[in-house]
2 protein chains.
Amino acid sequence: MKKIKPTESELEILQVLWQKGSATVREVHEVLSLHKESGYTTTLKLMQIMFEKGLVIRNDKSKTHIYQANVSKENTQQQLVGKMIHNLFGGSATALVIQALGSNKPNKDEIDAIQHLLNDLKKAE
Amino acid sequence: MKKIKPTESELEILQVLWQKGSATVREVHEVLSLHKESGYTTTLKLMQIMFEKGLVIRNDKSKTHIYQANVSKENTQQQLVGKMIHNLFGGSATALVIQALGSNKPNKDEIDAIQHLLNDLKKAE
DNA sequence: ATTTTTGTACGATCTAATTCGTAAGCAATT
DNA sequence: AATTGCTTACGAATTAGATCGTACAAAAAT
């Protein structure tokens with residue numbers, strides 16, 4: 001399995017690609033622009049670099065290239081979360097969970113979803 | 001509230017300081033050396049920069065300075081988890097929680113602790 | 001047909017982070 | 001007293017990441 005560590009900016013772009021499936025530079029840039037001040041060519045350059053790194057693939061049959069993520073969301077999340085659990089929470093996923101829930105409160109539906117997952121884990125013991 | 005953003009190397013040093021309470025550059029360096037190849041002056045320089053940034057404090061009464069973390073572990077965890085939620089989970093703490101619980105399973109006591117926390121959150125709505 | 005828009009490519013710059021070499025001071029050892 | 005070793009300070013080189021300007025080509029609009 002590939003061992004790549006995307007930078008913060010690259011993760012923002014990957015998120016758009018994961019969500020949309022595929023997108024042009026402009027489409028990605030427009031999403032990023034909602035939260036961020038930066039030029040079009042900056043996004044373009046980043047995506048070109050990501051292409052060189054193998055983080056994304058692209059279809060350049062037409063003039064306007066169409067990009068797709070080349071790393072899975074789940075895989076990337078798992079890798080980075082695992083690292084954080086180990087590095088910052090002494091290996092305890094629970095400590096991370098409690099920290100996350102404490103500072104960023106879920107709504108009722110989300111609480112239900114987590115509780116449901118916990119019940120499944122309990123049964124599986 | 002201070003807006004902290006330690007780099008990865010700085011985090012490694014902070015972890016040692018959090019664990020030991022206080023330590024000299026050499027003590028920190030020796031811990032880092034277990035997992036990492038780097039020179040003593042590199043660690044020294046990093047800790048000097050961290051001092052300038054206010055990430056650590058130091059007692060320089062004696063020739064060998066004694067360092068302590070000047071940011072709390074909890075606070076730093078919160079910053080970094082928040083960043084991860086934004087960068088990797090589209091702003092959803094719940095998504096992070098589910099990921100963490102899915103790939104790193106808690107035992108029964110931990111499940112109970114999380115469920116207790118969730119019940120409190122539910123009541124607080 | 002000409003102008004404007006839209007796109008890629010790519011070099012240049014800027015900033016931050018990392019790394020280390022070297023100098024100088026102090027302390028312990030010989 | 002001289003040597004050796006440990007310490008801080010600091011400058012310099014290196015690397016990586018992010019940003020943007022400009023050039024040039026293709027397509028669309030006029």
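So that the names make sense, note that chain A is the first sequence line, chain B the second, and so on, each numbered from 1.
A straight line from CG of D60(A) to C1' of dA9(C) spans 13 Å, rounded to a whole angstrom. Atom C1' of nucleotide dA9(D) and atom OH of Y40(B) are separated by 11 Å, given to the nearest angstrom. Rounded to a whole Å, the NE2 atom of H65(B) is 11 Å from the P atom of dT7(D). The interatomic distance linking E52(B) (CD) with dA9(D) (C1') rounds to 10 Å, in whole Å. For the pair M47(B) CE and dC10(D) C1', the computed distance is 17 Å after rounding to whole Å. Look at OH on Y67(B): it is 10 Å from C1' on dA9(D), rounded to the nearest Å. In this entry the distance linking CG of L44(A) with P of dA18(D) reads 15 Å, nearest Å. When the P atom of dA17(C) is taken as reference, atom CD of E10(B) falls 7 Å away, rounded to whole Å.
Using a 4.0 Å cut-off between a side-chain N of Lys or Arg and a carboxylate O of Asp or Glu, E110(B) and K105(B) do not qualify as a salt bridge.
Between the side chain of S72(A) and the backbone N or O of N75(A), at least one donor-acceptor pair lies under 3.5 Å.
Nearest heavy-atom pair, V28(A) versus L17(A), reported as atom, atom and distance to 0.1 Å: CG2-CD2, 4.0 Å.
Minimum atom distance to the side chain of Q48(A) is reached by dC10(C), of the listed dG17(D), dC10(C), dA9(D). Residue R58(B) has its side chain nearest to dA9(D) when only dT8(D), dA27(D), dA9(D) are considered. For K53(A), counting side-chain heavy atoms from C-beta on, the closest listed nucleotide (dT19(C), dG17(D), dA27(D)) is dG17(D).
Using a 4.0 Å heavy-atom cutoff across all strands shown, T42(A) reaches at least one base atom of the nucleic acid. Looking at heavy-atom distances under 4.0 Å, S9(B) makes contact with sugar-phosphate atoms alone, never a base. Residue contacts shown for T7(B) are limited to sugar-phosphate atoms, with no base heavy atom under 4.0 Å away.
For K63(A) and dA26(D), a side-chain-to-base donor-acceptor distance below 3.5 Å is present, hydrogens and geometry of angles not being considered.
Residues K45(A) and T64(A) both approach DNA chain C. Their nearest nucleotides, taken by heavy-atom distance, put T64(A) toward the 5′ side.
In this structure, a donor-acceptor pair under 3.5 Å is absent between the side chains of K5(A) and Q79(A).
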Could you walk me through whether Q68(B) and R58(B) pass the side-chain contact (heavy atoms from CB on, under 4.5 Å) test, one step at a time?
CA-CA 6 Å; Q68(B) 284 182 274; R58(B) 68 185 184 190; over 6 Å; no
